[in-house]
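Only one structure is covered here, and it is reproduced in the block below.
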Amino acid sequence: MQKFIGLVGTNSDNSTNRQLLMFIQSHFSDKVDIELVEIKGIPVFNKPENKELPQQVKEIAAKIDEAAGVIISTPEYDHAVPASLINALNWLSYGIFPFVDKPVMITGASYGVLGSSRAQMHLRQILDSPELKARIMPSSEFLLSHSLEAFDESGQLKDKEQIEKLESLFEDFLTFVELTNHLNQAHEINKREAENFSWEEI
Ligand SMILES: Cc1cc2nc3c(=O)[nH]c(=O)nc-3n(C[C@H](O)[C@H](O)[C@H](O)COP(=O)(O)O)c2cc1C
């Protein structure tokens with residue numbers, strides 16, 4: 001079975017984005033194996049000169065490296081992704097390049113009506129940077145609005161239409177992963193470019 005990572009885009013203990021990933025994990029468990037990965041506990045990025053990464057970051061990077069794809073679920077804070085998620089991505093692009101050409105599906109949940117739409121746009125922009133350079137599934141968004149009321153006691157999404165949308169998007173994501181595996185002619189060059197890229201030499 002293909003292995004995927006569900007990256008929880010927040011360090012908050014009570015997170016409807018974590019709930020959404022847990023739902024995705026169990027709902028698609030007959031198709032794929034999704035491991036949820038937490039960013040809570042990662043120290044604040046401080047550009048260490050020896051480029052020594054925290055152990056937690058190294059472990060996350062190794063898991064992403066091995067995964068067929070990553071699903072990131074992000075809250076929206078002040079029209080952007082949470083600082084804890086940017087922080088994790090900063091570390092995950094500092095001398096290591098686990099996201100280069102990695103298929104990524106973005107989802108998001110928020111308490112309000114807009115369901116993290118602006119944070120998702122922001123995340124796309126971040127993941128497109130030279131040292132992350134992920135393959136983000138195009139023209140798709142899964143927004144879970146009113147996320148506090150969206151799940152029943154057993155963690156199931158209540159709205160059938162939302163489930164149907166998620167099912168079709170996830171099916172598309174699996175196709176996207178397959179397609180992306182064929183778009184590998186430039187992978188070595190992309191990896192080398194990310195490795196050789198330096199913001200200090202621009
Ligand atoms: C500091 C802060 C800023 C927020 N800004 C937004 C926002 O710009 N747009 C939005 O839809 N929700 C906003 N929210 C509400 C979040 O969507 C909600 O608190 C929550 O983080 C949803 O994700 P979670 O359940 O995974 O924590 C904000 C919440 C906080 C704490």
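Ligands are counted one by one from 1 in listed order, and the atoms in each one are counted from 1 as well. Positions are given from 1 along the sequence.
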Subject >> Straight-line distance of L144 CG to Q19 CD, nearest 0.5 Å >> reply: 9.0 Å
Original post:
To which protein heavy atom is atom 12 (N) of ligand 1 closest, and what is the distance rounded to 0.1 Å?
Top reply: E76 O, 3.5 Å
**OP:** Please test E141 against R124 for salt bridge (charged side-chain N to carboxylate O under 4.0 Å, His left out), starting from the C-alpha separation and ending with a verdict.
**Re:** CA-CA 11 Å; E141 252 183 352; R124 276 179 189 275; 5.7 Å; no
Original post:
Is there a nitrogen or oxygen of R18 sitting under 3.5 Å from a nitrogen or oxygen of ligand 1?
Top reply: no
Subject >> From K133 atom NZ to N190 atom CG, the distance as rounded to the nearest 0.5 Å >> reply: 8.0 Å
Subject >> ligand 1 contact on A109 by region, counting heavy-atom pairs under 4.0 Å >> reply: backbone
Subject >> S147-ligand 1 polar pair, N/O distance under 3.5 Å >> reply: no
Original post:
Should the pair K51 and Y94 be classed as cation-pi, given the thresholds of under 6.0 Å to the six-membered ring centre and 45° from the axis?
Top reply: yes
**OP:** Considering heavy atoms of the protein only, find what lies nearest to atom 8 (O) of ligand 1 and give residue, atom and distance to 0.1 Å.
**Re:** H79 N, 2.9 Å
**OP:** Considering the heavy atoms of N17, write down every atom of ligand 1 situated less than 4.0 Å from one of them.
**Re:** 23 (O), 24 (P), 26 (O)
Original post:
For atom 5 (N) of ligand 1, what is the nearest protein heavy atom, given as residue, atom name and distance?
Top reply: D78 N, 2.9 Å
Original post:
Does E38 pair with R18 as a salt bridge, N-O distance under 4.0 Å?
Top reply: yes
**OP:** Report the distance from atom CZ of F97 to atom CD of E131, rounding to the nearest 0.5 Å.
**Re:** 5.5 Å
**OP:** For residues R135 and L183, report the shortest heavy-atom separation together with the two atoms involved.
**Re:** NH2-O, 2.8 Å
**OP:** Identify, for atom 26 (O) of ligand 1, the protein heavy atom at the shortest distance, and state residue, atom and that distance.
**Re:** S15 OG, 2.6 Å
**OP:** Specify the protein heavy atom at minimum distance from atom 2 (C) of ligand 1: its residue, its atom name, and the distance to 0.1 Å.
**Re:** Y77 CD2, 3.9 Å
**OP:** Verify the distance criterion only: is there a donor paired with an acceptor across the side chains of T107 and S73 at less than 3.5 Å?
**Re:** yes
Original post:
For atom 11 (O) of ligand 1, what's the nearest protein heavy atom and its distance?
Top reply: S110 OG, 3.6 Å
Original post:
Which protein heavy atom lies closest to atom 19 (O) of ligand 1, and at what distance to 0.1 Å?
Top reply: Y111 CE1, 3.5 Å
